[in-house]
Amino acid sequence: MPTIGVNKAELYKELGKEYTRDDFDELCFEFGIELDEDTTGTEEPPQLKIEIPANRYDMLCFEGIAMNLNVFLGRQSMPNYTLKPPSNGQLLTVTVSEDTAKIRQYFSCAVLRNIKFTKARYESFIALQDKLHQNLARQRTLVAIGTHDLDTIEGPFTYEALPPDEIKFAPLNQTKEMTGTQMMEFYEKDKHLSRYLPIIRSSPVYPIIYDKNRTVLSMPPIINSNHSKITLDTKNVFIDITATDKTKLEIVNHIIVTMFSQYCEEPFTVEPVKIISDHNGETRETPDLTPRSTQASAAYINSVCGLSESRQTLCDLLKKMCYHAKPSTTDEDILDVDIPVTRADVLHQADIMEDAAIAYGFNNLPRHFPTTQAATAAALPINKLADIVRLESAMAGWAEVMPLILCSHDENYAWLNKSDDGKAVRLANPKTAEYQIVRTSLLPGLLKTIRENRRHAVPMKIFEVSDVAFKDAKAERRSRNERHFAACWYGKSAGFEQVHGLLDRIMLMLKSAFITREDGLKDPAVQGYWIEEVDDSTYLPGHAAAIYLQLAGGKAQQIGTFGMLHPTVLKHFELPFPASTLELNVEVFL
Amino acid sequence: MPGTRGPVPVPVQNGDGDLTLQILQAVNEHDIVKSADTFPNTSQTVIKAALDRLASRSMIEYDTKDSEEVRLTDEGQQIVAEGSHEYKVWDAVRQAGRLSLKDPVLATAAAKAGQGKAFKNKWVKKDGDALVPLTDAVTDTTRDDLQYVADHRAVRRADDLKELRKRTLVTTLKVIAYEARKGPKWALEIPVEVTDLTADMLADGSWEKATFKPYNFKALGEQSPGTGALHPLNKVREEFRKIFFNLGFTEMPTGRFVDTGFWNFDALFVPQQHPARDLQDTFYVSDPAEAGPPGPDPEADAALAAMEEEDRDEESSNQPLTAPPTRTLDYAQYYQNVRSVHQDGAFGSIGYRYPYTDAETRRLVLRTHTTAVSTYCLHRLAAHPRPCKYFSIDRVFRNETVDATHLAEFHQVEGVIADYALTLGGLQGFLRRFFKKMGLVGLKFKPAYNPYTEPSMEVFAWHQGLGKLVEIGNSGMFRPEMLLAMGLPEDLRVYGFGLSLERPTMIKYGIDNIRELLGHKVDLGFIERNAAVRLDKA
């Protein structure tokens, strides 16, 4: 969630009230934003750091927060944003070239006339663009904004895509002219801008905006030109917006012009611009500030909220959330709702319903325990089975541990003297080498737990019943989990018999008799297990056993192994004492 | 041989003799024995141990006498031996007749202190640059007083103590002494004692005459050898499961750490450009490379069917389950529905209106939430829509930078309730009941944003210890975009709520580092000694 810092005194002035911390907290709580920090005492002037829900792009700046809270408090009504073409009726035009489709095809535009900046307004204007770039625009990949002093440039404008070496201008705050290629090198080490370079770097053409005199406005999504930069004294602002996402393109335009048109000589007016983009059917005038008209069912809103309010009351509630709503004259359940362009988060009548509930007050809604017919209390079979093994192990005197599921490749393979069997799920983007794969064995976690507890008295007897994962080409997710049981004895002597004894105990509790392979062959109806010496590199030769299980009527299968750990395995896990481990697949008992 | 009299079994040695025996003899001879007089050279702790052994058997009784003794310091002892500083000054002056002030005899610190006192006592006086005696004979009262201290371990006059201490000639010492006398079971010897009742004693009847060694009721008992333990986090998990079962929930099959972009995100109406899908937040899988198309998971379906089967016999009346499925699940259609609700809008929603990428749905991820499983179960419900309650508690993964409050893995507790005509206040009422079972009351609900629930509410509870509201979970009603795409009927509403297992556990146990609770760095001692979990107890 984005956090916005606003001037505390200015905000309270806008809200017409000097709030106490508790009172402002409560207002935020009701509305659904969060006061993260009040910097009074540590920062001058004091700021309020407010957390904004990620979909409320209309609250990413001081102006938006103040406006939404004032509307919510009933201190103001939602402004009516209007378009105001130039008096001569001639709109500025921007012609989009077809080549832009190769890199960044969508363009939108607007002009704010006779705006009056102050230092605070100017900073807020810059900060909003930054917040939009970070959040909605996904680090400028989807949308990029450029703002210009219109009095330094001259329409008509063109939006083109040219080879980087054909582009040449002095970028923002630089005096030296550079080509597109040179700028890529120049900004490579720039802490702020370097992260955006890959968006266009490898493209044969770069996006570029010119005025009628071939003066560069900007090279989106990287940098504006120094020539047209805005200052505190700028009167007329030309806003260019380029995008790869058509929907977010217009959202960004709407947010910027609605938040700052209040500072125009004629407040809440925006001068539209004509975009000529015939090749992709995007020729139009932008922005379109018409509220989206939709309908919502009063019965639906009342039903979900557990209320029985009149349509007019619901309309009044919605007014607090920036809507313009009125009871339909043709249908007695319907509310005709106008959604202002600022509320891009509203997708469905569910959103309108939620806003009605917020305006009513979540904590004022009638609370009751829902009566429902559903009443199947059932444990997942594999969890029931696992709990038997867990409880029996603990009762047998072993302590349960919960290591992590992700581990390094070495821990899962090389450290256990195993070579990669290709069965493990590998991670593409871990932040540390600690997490490279999903474990295929519970042993690394047990041995790491022992390692971290080396100061604990010996013997240590620990176990875990949990999932490992394997690749599985037949499954939709190309992998599957498997519930395993593993235990480790660690002490002055290796405890091979103790681990063996735990196996016997668990088998007894799972109604599996200790039999010989021959017994099993003789009577396939018996459920039983036997063990056989096995050659397994994790264990000391001659001290490792494979566990075979024959389910009643079924074929015998190997379900696990146990043994005395090979001294090199102990060394890998930095364990000075001997240890024995056991690991088996529990799912076969389902 | 049990029951016979004999020497004290475990003698406390005091030099050559046996101290308990010596005490018994002394009490026998004197009736009242003062430890300080009879055993002046035996340390107080040794005396007390011997007295306690006898007293615990009621053979003797004793009183403890605390007193303060005055002892000479080294300087005090020197004065007793050689005379006070003032005496030594007078004596030197007397012997010399006239002693120059510059004489080395008067140069020591002690002599300087003595001069003042000697003037005050009018034993000597200054005559020019020398001292001369004023008297031929003096009484050295300081020395006499100190001699009294040496003899009596007390001052002659109580008023003198302060002055003598100030002059560091004496110190005081707290002394504990004992006065012992015969007790109700007086005897001259300690009988042989047995520590335990044995089978042999029962067989030969010797238990009747045996003297049992008194039990030490002030010590801990013997630790059970090889005590097993369940992990504290799993103990809390078990309590949560019991709460869910109490409330009639069915446990969801969460046995898949790897899930697809489709189930983990798209099906939940999380747009493909959502920050949660960034590389820095989600673990993506490099091998295997890509998922198959969405379809049924036979293992999960079998588990769900088995659990629902369990319930079928019990609900003889009003049997929703015996009715045939209203439709078969069409996963391809579901995929298309999800695609269009994102890209073009559908089911009353204008959608996100962005170009939907099929490849993104096939990317394999480590599930970031168990809601991916809930989504699967809810879609399965569309074959036979009906009220149901599902829950799960299992591991989820986030590509977090690890610190005290973040691990790349943690457990999510999640509940889902589907029913007709559910209301938002009903969800609040349910959560109030749910959290009350773990002692959390005073619930408040804050509007929040979540891509797959609308309305969304953060749940806060009053924390007595912190004296403020703390966030304890998230909740909401699943979006129509998500449910209608599944083919669920429009009037079937679904609550979802979730919390981490670790956070309430950390609050409960006052743990501030998650690594002390989950993972291989957890202290085994903590696991072994952690108390049983009783969520409803403060």
Side-chain angles (χ1 to χ4, degrees), chain A residues 29 32 53-55 138 245 247 304-306 347-348 350-351 354 357-358 362-363 365-370 372-381 394-400 402-406 425-429 431 435 438 445 448-449 452-453 456 467 469 471 476-479 481, chain B residues 226 228-231 233 245 248 250-251 253 255-260 273 279 283-288 291-292 295 303 306-307 310-311 348-350 353-354 387-389 395 408-409 419 422-426 428-430 433 444-447 449 454-455 479-480 518-521 524 527-528:
Chain A
F29 195 97
N55 63 341
R138 311 297 305 127
D245 183 308
T247 307
V304 178
C305 296
L347 307 177
H348 189 276
D351 298 286
E354 182 190 56
I358 293 171
F362 272 13
N363 294 294
L365 293 171
R367 281 185 202 177
H368 61 88
F369 189 71
T372 157
Q373 306 165 39
T376 304
L380 190 67
M395 282 192 269
W398 298 66
E400 187 181 32
M402 291 179 88
L404 302 178
I405 284 160
L406 305 180
V425 171
R426 277 174 191 262
L427 304 187
N429 59 327
K431 285 189 176 129
Y435 310 128
V438 182
K448 285 195 284 180
T449 305
E452 298 297 324
N453 278 281
H456 189 277
D467 281 0
K471 279 160 58 177
E476 177 189 334
R477 293 154 187 88
R478 303 293 188 247
S479 61
N481 281 19
Chain B
L230 294 173
H231 194 282
L233 199 56
F245 292 139
T250 302
E251 195 167 26
R256 43 170 111 111
F257 294 145
V258 178
D259 219 314
T260 68
Q273 309 84 358
L279 289 173
F283 283 116
Y284 285 90
V285 168
S286 60
D287 180 21
M307 287 186 287
E310 268 178 42
D311 199 43
S349 171
I350 59 169
R353 293 153 288 142
Y354 68 92
C388 70
K389 295 183 197 156
R395 204 82 62 108
E409 304 175 20
D419 209 333
L422 291 177
T423 68
L424 196 53
Q428 296 177 347
F430 171 82
R433 175 100 45 114
K444 286 269 186 194
F445 297 91
K446 176 173 170 269
Y449 166 64
E454 187 83 13
R479 290 193 73 99
L518 177 65
H520 53 270
K521 291 183 175 158
L524 260 185
I527 296 174
E528 288 161 345

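In what follows, chains carry the letters A, B, and so on, assigned in the order in which the sequence lines appear, proteins first and then strands, with residues in each chain numbered from 1. Worth saying up front: this structure is predicted, and the values here are computed from it rather than measured.
For A:L380 against B:A303, the heavy-atom pair with the smallest separation is CD1-CB, 3.9 Å. Annotation for A:P53 and B:Y449: closest pair CB-CB, 3.6 Å, computed over non-hydrogen atoms. Residues A:V425 and B:P288 share a closest heavy-atom pair of CG2-CD, 4.2 Å. Of all heavy-atom pairs spanning B:G255 and A:N481, the tightest one is O-CB, 3.2 Å.
Checking side-chain atoms of A:E400 against main-chain N and O of B:H231 turns up a donor-acceptor pair under 3.5 Å. Under a 3.5 Å cut-off, the side chain of A:N429 and the backbone N or O of B:Y284 do form a donor-acceptor pair. With hydrogens and angles ignored, the 3.5 Å screen pairs no side-chain donor or acceptor of A:E452 with any backbone N or O of B:G519.
If you measure heavy-atom distances from B:E454 to chain A, the contacts under 4.5 Å come from both the backbone and the side chain. When heavy atoms are compared at a cutoff of 4.5 Å, A:V304 approaches chain B by way of both its backbone and its side chain. Contact annotation for B:L518: both backbone and side-chain heavy atoms come within less than 4.5 Å of a heavy atom of chain A. Looking at A:Y435, only its side chain comes within 4.5 Å of chain B, counting heavy atoms on both sides. Interface remark: A:D467 contributes backbone and side-chain atoms alike to the contact with chain B (heavy atom separation under 4.5 Å). For B:R433, the part lying under 4.5 angstrom from a heavy atom of chain A is the side chain only. With a 4.5 Å cut-off on non-hydrogen atoms, A:A350 touches chain B through its backbone and its side chain both. Interface residue A:H368: backbone and side-chain heavy atoms are both found under 4.5 Å from chain B. Using a 4.5 Å cut-off between heavy atoms, A:M395 makes no contact with chain B at all.
Contact annotation: the side chain of A:T376 never approaches that of B:M307 to less than 4.5 Å [non-hydrogen atoms, C-beta and beyond]. Within the 4.5 Å cutoff, no side-chain heavy atoms of A:E354 are placed close to those of B:L424. Side-chain contact check for B:K521 versus A:L404: every heavy-atom pair is 4.5 Å or farther apart. In this structure, the side chains of A:R478 and B:V258 stay at 4.5 Å or more apart for every pair of heavy atoms.
Interatomic distance, CD1 of B:I350 versus OG1 of A:T247, reported as 8.5 Å (0.5 Å rounding). In this structure, the separation between CZ on A:R138 and CD on B:Q273 is 8.5 Å, given to the nearest 0.5 Å. Between atom NE2 of residue B:H520 and atom CG of residue A:N453 there is a gap of 10.5 Å, rounded to the nearest 0.5 Å. Atom OG1 in B:T260 sits 5.5 Å away from atom CD in A:E476 (nearest 0.5 Å). One finds the CD1 atom of A:I405 at 5.0 Å from the CD atom of B:E409 (value rounded to the nearest 0.5 Å).
Comparing A:L365, A:N363, A:I358 by how many heavy-atom pairs each has under 4.5 Å with chain B, the most go to A:N363. Note: B:G425 leads B:P253, B:G425, B:A291, B:A408 in heavy-atom pairs under 4.5 Å with chain A. Most heavy-atom pairs under 4.5 Å with chain A: of the set B:F283, B:F445, B:Y354, this distinction falls to B:F445. Considering only heavy-atom pairs separated by less than 4.5 Å from chain B, the leading option among A:N55, A:V438, A:T449 is A:N55. Between chain A and the options B:D419, B:L524, B:V285, B:T250, heavy-atom pairs under 4.5 Å are most frequent for B:L524.
Below 30°, between 30° and 60°, or above 60°: for A:F369 and B:F430 the angle between ring planes is below 30°, a parallel geometry.
Checked for salt-bridge contact, A:D351 and B:R479 meet the test: a charged N lies under 4.0 Å from a carboxylate O.
Around atom NZ of B:K444, no more than 12 heavy atoms belonging to other residues, nucleotides or ligands sit under 6.0 Å away.
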